[in-house]
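The structure appears below as structure tokens.
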Amino acid sequence: AHKAGFQLGNHAIGDAAISTLLDGYEAALREKPVDDPRFRIEHCSILSPELIDRIEKLGVIPIPGTTVLDDMRPVYLENLGEERVRYAYAMKTFSDRGIVAAASTDAPVSGVNPIVRIQMMVTRTDRLGDEIFPEERVSLEEAVRAYTWNGAYASFSEHEKGSLEPGKLGDVTVLETDLRSVNPLELRNVRCDMTIADGNVVFERN
């Protein structure tokens with residue numbers, strides 16, 4: 001697929017799967033060097049510092065679902081332990097390393113509402129009110145960008161969408177209030193007033 005010019009995106013959650021996938025990406029680039037392949041890893045969940053180093057070096061784009069920590073934080077800790085979960089959905093580490101990570105809701109496995117996931121990225125506090133590695137918190141602006149521009153960049157579409165600029169697609173979500181005015185722990189309660197797709201109103205709340 002790489003030789004044929006396709007962008008590669010593969011699903012890998014565990015550290016062994018991610019390591020194997022990175023081996024494949026490295027081999028593909030050795031056979032056909034490309035300046036900006038933007039290889040993707042959907043989920044890219046259980047990471048180590050060594051795997052993060054490889055991701056940064058290759059310019060790989062993680063597509064993390066912080067959703068999973070909101071829904072299943074106790075399960076992750078019980079089954080994997082704190083050490084292996086330390087870099088799960090590590091948005092701050094990605095940002096600090098210059099790694100572009102595009103957030104995902106992972107619907108329908110988890111809920112589709114991205115505002116809930118934005119709250120998780122900003123607070124690193126799950127639906128039960130428990131924290132998990134708060135050092136991975138990011139700013140509200142970084143969390144919104146993960147769902148907008150970063151997502152467009154992950155599919156080579158940043159010149160067409162991902163930000164509100166003249167000439168780009170008119171894809172807009174209008175919320176009932178400014179997210180910056182809301183207590184971060186209450187972001188999940190903010191409702192959507194209107195959704196516009198390609199310049200057309202496709203949803204409007206009564």
Side-chain angles (χ1 to χ4, degrees), residues 1-70 73 76-77 79-106 114 117-118 120-122 124 132-163:
H2 175 67
K3 287 179 180 178
F6 288 101
Q7 180 189 17
L8 302 183
N10 298 81
H11 185 282
I13 292 178
D15 45 7
I18 293 167
S19 180
T20 301
L21 180 56
L22 291 173
D23 290 345
Y25 286 165
E26 288 165 352
L29 282 177
R30 282 195 299 270
E31 291 199 24
K32 183 184 178 183
V34 173
D35 288 337
D36 185 19
R38 296 191 199 178
F39 296 146
R40 297 168 55 138
I41 303 180
E42 312 302 313
H43 283 296
C44 198
S45 307
I46 308 304
L47 293 170
S48 64
E50 183 264 338
L51 288 174
I52 294 171
D53 288 343
R54 294 175 67 189
I55 286 169
E56 179 185 7
K57 182 178 178 181
L58 284 170
V60 168
I61 300 173
I63 314 292
T66 53
T67 260
V68 178
L69 291 181
D70 188 66
R73 179 200 57 81
Y76 262 50
L77 290 174
N79 287 279
L80 296 172
E82 286 198 7
E83 184 177 348
R84 292 190 68 203
V85 176
R86 167 61 185 88
Y87 292 102
Y89 315 106
M91 300 300 288
K92 183 69 164 61
T93 296
F94 291 147
S95 177
D96 288 347
R97 299 287 289 270
I99 297 168
V100 177
S104 159
T105 61
D106 196 34
R117 316 316 168 192
I118 286 172
M120 185 68 200
M121 284 189 273
V122 171
R124 293 288 291 199
I132 181 166
F133 295 108
E135 54 265 49
E136 290 297 340
R137 291 172 181 156
V138 296
S139 69
L140 176 63
E141 288 73 17
E142 288 176 302
V144 171
R145 186 178 176 88
Y147 269 111
T148 53
W149 190 89
N150 290 10
Y153 180 85
S155 59
F156 288 97
S157 302
E158 70 271 23
H159 301 297
E160 303 167 17
K161 57 186 179 181
S163 57

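The structure displayed is predicted, hence computed values, not measured ones. Any value given below was found using the heavy atoms of this structure, including those in side chains, with hydrogens, waters and symmetry copies removed.
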### Query
What is the distance from atom CG of D70 to atom OG1 of T105, rounded to the nearest 0.5 Å?
12.0 Å
### Task
Could you label the plane-to-plane angle of the F39 and Y25 rings as parallel, tilted or perpendicular, counting under 30° as parallel and over 60° as perpendicular?
parallel
### Query
Closest approach of E158 and W149, non-hydrogen atoms and distance?
CB-NE1, 3.7 Å
### Message
Can you tell me how far apart OH (Y89) and NE2 (H43) are? Round to the nearest 0.5 Å.
### Response
6.5 Å
### Query
If you take all heavy atoms of L69 and A88, which pair is closest and at what distance?
CD1-O, 3.8 Å
### Task
Please report the shortest heavy-atom distance between A146 and M91, naming the atom on each side.
CB-CE, 3.8 Å
### Summary
Taking every heavy atom of V122 against every heavy atom of A143, the minimum-distance pair comes out as CG2-CB, 4.0 Å
### Message
Is there a side-chain contact (heavy atoms from CB on, under 4.5 Å) between M120 and T67? Walk through the geometry before answering.
### Response
CA-CA 7 Å; M120 185 68 200; T67 260; over 6 Å; no
### Task
For A102 and A154, work out which heavy atoms get closest and say how close.
CB-CB, 4.1 Å
### I118 and M121, any side-chain heavy atoms less than 4.5 Å apart
yes
### T20 side chain to A16 backbone, donor-acceptor under 3.5 Å
yes
### Message
Strictly distance-based, threshold 3.5 Å: is any side-chain N or O of H2 a donor or acceptor partner for the main-chain N or O of K32?
### Response
yes
### Message
Is any side-chain heavy atom of L51 closer than 4.5 Å to one of I46?
### Response
no
### Message
Assess whether a salt bridge exists between K92 and E135, defined as any Lys/Arg side-chain N lying under 4.0 Å from an Asp/Glu carboxylate O.
### Response
no
### Summary
Sorted by chain and residue number, the ring-ring contact (aromatic ring centres under 6.0 Å, His included) partners of H159 (sequence neighbours excluded) come out as none
### Task
Please test S19 against E50 for side-chain contact (heavy atoms from CB on, under 4.5 Å), starting from the C-alpha separation and ending with a verdict.
CA-CA 10 Å; S19 180; E50 183 264 338; 5.5 Å; no
### Query
Would a 4.5 Å heavy-atom cut-off, applied to side chains only, mark L29 and P37 as touching?
yes
### Query
If only atom types and distance count, is the side chain of S157 paired as donor or acceptor with the main-chain N or O of E160 below 3.5 Å?
no
### Task
Without swapping roles, check the side chain of R38 against the backbone of Y153 for a donor-acceptor pair under 3.5 Å.
yes
### Task
For the pair K57 and D53, find out whether any cationic side-chain nitrogen is under 4.0 Å from an anionic carboxylate oxygen.
no
### Query
Regarding R86 and the six-membered ring of F133, is the cationic atom NZ or CZ under 6.0 Å from the ring centre and inside 45° of its axis?
yes
#### Entry: Nearest atoms (heavy-atom pairs only) where N150 meets A101
ND2-O, 2.9 Å
## Note on the structure
Only residue of E136, R145, E142 satisfying side-chain hydrogen bond (donor to acceptor under 3.5 Å, both in side chains) with S95 is E142
### Task
Rounded to the nearest 0.5 Å, what's the gap from CZ on F94 to CG on L47? Could you check?
5.0 Å
### Between CD on residue E82 and CD1 on residue I132, distance to nearest 0.5 Å
7.5 Å
### Task
For the residue pair T66 and R117, confirm or rule out a side-chain donor-acceptor distance under 3.5 Å.
no
### Task
Give, for atom OG of S48 and atom CZ of R84, the distance between the pair rounded to the nearest 0.5 Å.
10.0 Å
### Query
Is there a side-chain contact between C44 and V60, using heavy atoms and a 4.5 Å cut-off?
no
### Query
Do Q7 and S155 have side-chain N/O donor and acceptor atoms under 3.5 Å apart?
no
### Task
Answer yes or no: is there a donor N or O on one side and an acceptor on the other, between the side chain of K161 and the main chain of A152, under 3.5 Å?
no
## Note on the structure
Taken to the nearest 0.5 Å, the spacing of I52 CD1 from I99 CD1 works out to 6.5 Å
